[in-house]
Amino acid sequence: MTKFKTDSGIEIKEVYHEASEMHEMPGQFPYTRGVQPNMYRGRLWTMRQYAGFSTAEESNKRYHFLLQQGTTGLSVAFDLPTQIGYDSDHELSEGEVGKVGVAIDSLKDIEILFDGIQLENITTSMTINASASVLLAMYIALAKKQGADLKKISGTIQNDILKEYAARGTYIYPPKASMRIITDIFEFCSTEVPKWNTISISGYHIREAGSTAVQEIAFTLSNGKAYAQAAIAKGLDINVFGERLSFFFNAHNDFFEEIAKFRAARRMWASIMKDLGATNPKAMMLRFHTQTGGSTLTAQQPQNNIIRVALQAMAAVLGGTQSLHTNGFDEALSLPTEAAASIALRTQQLIAYESGVTHTVDPMGGSFFIEELTNTMEKEAWRYIEKIDAMGGSVDATESGYIQNEIANASYTYQKEIESGEKIIVGVNKFTAEEHHDTPLLRVDDSIRQTQIDKLTLLKKQRNNETVKVALAKITAAAQGTDNLMPLIVDAVEQYATLGEICDAMRTVFGEYRS
């Protein structure tokens, strides 16, 4: 008899019967059914389109286009040099400037990036980790120049370095130094920019690296626990910083498993935070952004990706996401064109305004199948977390290679299933067709690097290099001690020190991590 299973290997029964009575209400601990009592009846999720490429000037044009099309939040993609703390003129930046995101070298670039956009009136998410402190400082410096009330500006920095060691690789400093910077950010933001989400603990990249859905929530929540414990050890109040923790999850194609994943994650996080001492209900709520699965997009028959993205987005909405990015159908081939980005945004708008799924809270709640699948995923995820705790926590489990190996094994198993035909990918290993690609592609020219180098050369001629030198020296001195680094980074940014210079000021003390 043929057995059916989820992508995490959980066997699916032919029929489900009621496992337990549903007494829990949305908006109540442990938040399985949603963090708000009325969910989308009161407020829709933020429709946030991830964008950034080439120069700040080009990305600014895309942001204005998206805002005109009805997006309700910006999400900034940075190029690889920016992500690992190198200026565009660094030798290791060659060939990568502006390619997978926008190139940011200094406050000048941030001023151009958000030209014509009032930061007090928009929420901004920045996918930045190792150099998150510098990019946040630039955003704060621009908000101050605009005359914004820093108590009102809101948004998120990803700032999740543990998943970089495990899944993605854009780290700079060793884990303990990175954790120190992250807790400095927590402390600084709690008083200076209290509405800012100081971390977006990311399962997205763990899933993109090949994990299962169960591993995604297990490793992500375990990382979240490590951040919370580090903040407590620094003397921060879990009931205060807990409100500013947010999460970032993937949405893949296994529709019901994805819905159950989000529900299980909420319940588990509430339990983790309660066990760590949280009493504030808001500090126990798992709020999350979702992005549809980039690794699920196929270069073959790329228009099929429109349907994949729609299914994934629907799963995220039915799972109760607070924010959503939908991928462009052409992203397996290139950066998304304006046309593809527009279709992606319209996908969200159609779900929000035409599907009717927003009219009731937790529409999948009470389904015998969903409830049992939620319970099973939670149980399997706890097994991983208990194993990680026994190793000493996420930092030790990452440094030992355990998490990386588990992800690699899951990825290998999944790939074998595709190659054997056990797992069907439409247009790839079944229903294939001879294709003649006529999909318009967006390419970034290598000349962008010279443009950025010219801007850097001019900046260094125009700024006061003595005040920059003093500001950088203060960062290096503070890195050797225990003073909070963030005020000094903000000061250096305002003197127009570059991203690379600020990161180097900390590199001299912390060194660089080598896996």
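- A side-chain N or O of Asn327 and one of Thr292 form a donor-acceptor pair less than 3.5 Å apart.
- At least one donor-acceptor pair closer than 3.5 Å links the side chain of Thr220 to the backbone N or O of Glu216.
- Between Tyr227 and Leu162, some side-chain heavy-atom pair lies under the 4.5 Å cut-off.
- Checking Thr337 against Asp330 by side-chain atom types alone, a donor-acceptor pair falls below 3.5 Å.
- Here CD1 of Ile10 is found 14.5 Å from CZ of Phe256. Values are rounded to the nearest 0.5 Å.
- Across all non-hydrogen atoms, the minimal contact from Ser200 to Thr156 is CB-CG2, 3.6 Å.
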Would Glu24 and Arg267 count as a salt bridge (charged side-chain N to carboxylate O under 4.0 Å, His left out) here? Give the steps. CA-CA 11 Å; Glu24 186 189 324; Arg267 191 157 69 201; 5.0 Å; no
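- When Glu208, Gln312, Gln291 are each tested for a side-chain contact (heavy atoms from CB on, under 4.5 Å) with Asn250, only one passes: Glu208.
- For the atom pair CG of Asn60 and CD1 of Ile110, the computed distance is 11.0 Å after rounding to the nearest 0.5 Å.
- Annotation: the span from Ser367 atom OG to Leu373 atom CG amounts to 9.0 Å, rounded to 0.5 Å.
- The backbone N or O of Thr82 sits less than 3.5 Å from a side-chain atom of Ser131, completing a donor-acceptor pair.
- Residue Gln301 comes nearest to Ala433 through the heavy atom pair NE2-N, 3.6 Å, listed as atom of the first residue, atom of the second, then distance.
- One side chain, Thr279 or Asn239, offers a donor N or O that lies under 3.5 Å from an acceptor on the other.
- Between Lys61 and Glu58, at least one side-chain N (NZ, or NE/NH1/NH2) sits under 4.0 Å from a carboxylate O, which counts as a salt bridge.
- Counting only heavy atoms from C-beta outward, the side chains of Trp382 and Ser271 approach each other to under 4.5 Å.
- Between the Asn305 side chain and the Gly328 main chain, no donor and acceptor come within less than 3.5 Å of each other.
- Here the closest heavy-atom approach between residue Glu258 and residue Ala251 is recorded as OE1-CA, 3.4 Å.
- Listed for the Glu338 side chain is no donor-acceptor partner under 3.5 Å among the backbone atoms of Arg62.
- Although no hydrogens or angles enter the test, the distance criterion places a donor-acceptor pair under 3.5 Å between the side chain of Lys163 and the main chain of Asp160.
- Listed for the Asn197 side chain is no donor-acceptor partner under 3.5 Å among the backbone atoms of Leu245.
- Between Lys5 and the options Glu11, Glu257, Glu422, a salt bridge (charged side-chain N to carboxylate O under 4.0 Å, His left out) holds for only Glu422.
- Here Glu120 does not pair with Lys195 in a salt bridge; the nearest charged N to carboxylate O distance is not below 4.0 Å.
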Begin with the C-alpha distance, continue with both residues' side-chain angles, and end with the deciding distance and a verdict on side-chain contact (heavy atoms from CB on, under 4.5 Å) for Thr123 and Arg48. CA-CA 9 Å; Thr123 66; Arg48 194 183 298 282; 3.1 Å; yes
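- Summarising the geometry of Leu44 relative to Ala352, their closest heavy-atom pair is CD1-CB, 3.9 Å, with the distance given to 0.1 Å.
- Under the 4.5 Å side-chain criterion, counting only non-hydrogen atoms from C-beta, Glu406 is not in contact with Ser211.
- Side chains of Val76 and Ile104 form no contact here, defined as non-hydrogen atoms less than 4.5 Å apart.
- Between the side chain of Thr360 and the main chain of Pro363, no donor-acceptor pair closer than 3.5 Å is present.
- With contacts defined as side-chain heavy-atom distances shorter than 4.5 Å, the pair Val35/Leu286 does not qualify.
- Ser394 contributes a side-chain N or O that, together with a main-chain N or O of Asn223, makes up a donor-acceptor pair within less than 3.5 Å.
- Put simply, the residue from Arg168, Gln158, Glu96 that forms a side chain to side chain donor-acceptor pair (under 3.5 Å) with Gln83 is Arg168.
- Taking the six-membered ring wherever Trp is involved, the centroid distance between the rings of Phe288 and Phe248 does not fall below 6.0 Å.
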Derivation of the side-chain contact (heavy atoms from CB on, under 4.5 Å) call for Tyr353 and Thr358: CA-CA 8 Å; Tyr353 297 105; Thr358 61; over 6 Å; no
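- Between Trp269 and Tyr31, the distance from one ring center to the other does not fall under 6.0 angstrom.
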Check step by step if ring-ring contact (aromatic ring centres under 6.0 Å, His included) holds for Phe249 and Tyr204. CA-CA 5 Å; Phe249 288 119; Tyr204 182 85; over 10 Å; no
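- Annotation: Arg346, atom CZ; neighbour count of heavy atoms from other residues, nucleotides and ligands within 6.0 Å is above 12.
- A cation-pi arrangement is absent between Lys387 and Tyr402 under the rule of less than 6.0 angstrom and at most 45 degrees off the ring axis.
- Taking the side chain as every heavy atom from C-beta outward, Leu74 and Ile117 approach each other to under 4.5 Å.
- A salt bridge does not link Glu386 to Arg383: none of the charged side-chain nitrogens sits closer than 4.0 Å to a carboxylate oxygen.
- Under a 3.5 Å cut-off, the side chain of Ser59 and the backbone N or O of Ala56 do not form any donor-acceptor pair.
- Considering only heavy atoms from C-beta on, Thr124 comes within 4.5 Å of Phe114 through its side chain.
- Annotation for Leu324 and Val317: closest pair CD2-CG2, 4.2 Å, computed over non-hydrogen atoms.
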Evaluate side-chain contact (heavy atoms from CB on, under 4.5 Å) for Met314 paired with Phe255, printing each intermediate quantity in order. CA-CA 8 Å; Met314 181 68 88; Phe255 189 71; 3.8 Å; yes
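- Residues Gly224 and Ile201 approach most closely at CA-CD1, 3.7 Å, considering heavy atoms.
- Listed for the Asn129 side chain is no donor-acceptor partner under 3.5 Å among the backbone atoms of Ile161.
- Using cut-offs of 30° and 60° for the angle between ring planes, the Phe241 and Phe186 rings count as parallel.
- Between the OG1 atom of Thr413 and the CD atom of Gln415 there is a distance of 10.5 Å, given to the nearest 0.5 Å.
- Counted within 6.0 Å of CD on Gln303, heavy atoms from surrounding residues, nucleotides or ligands total 12 or fewer; the atom is thus considered open.
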Run the side-chain hydrogen bond (donor to acceptor under 3.5 Å, both in side chains) test on Arg308 and Thr298 for me, step by step, so that the C-alpha distance in whole Å, both residues' side-chain angles and the decisive distance to 0.1 Å come before the verdict. CA-CA 10 Å; Arg308 290 188 180 99; Thr298 64; 3.2 Å; yes
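- In this structure, CE on Met39 lies 8.0 Å from OG1 on Thr321, to the nearest 0.5 angstrom.
- Side-chain atoms of Arg263 and Arg33, non-hydrogen and from C-beta on, do get closer than 4.5 Å to each other.
- Distance check: Glu372 CD to Ile12 CD1 gives 11.5 Å after rounding to the nearest 0.5 Å.
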Can you check side-chain contact (heavy atoms from CB on, under 4.5 Å) on Leu276 and Ile232, steps first, answer last? CA-CA 9 Å; Leu276 289 174; Ile232 291 167; 4.3 Å; yes
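- Residue Lys423 places its NZ atom among more than 12 non-hydrogen atoms of other residues, nucleotides or ligands, all under 6.0 Å distant.
- At a cut-off of 3.5 Å, with distance as the only test, no side-chain donor of Glu378 or Asn375 sits close to an acceptor on the other residue.
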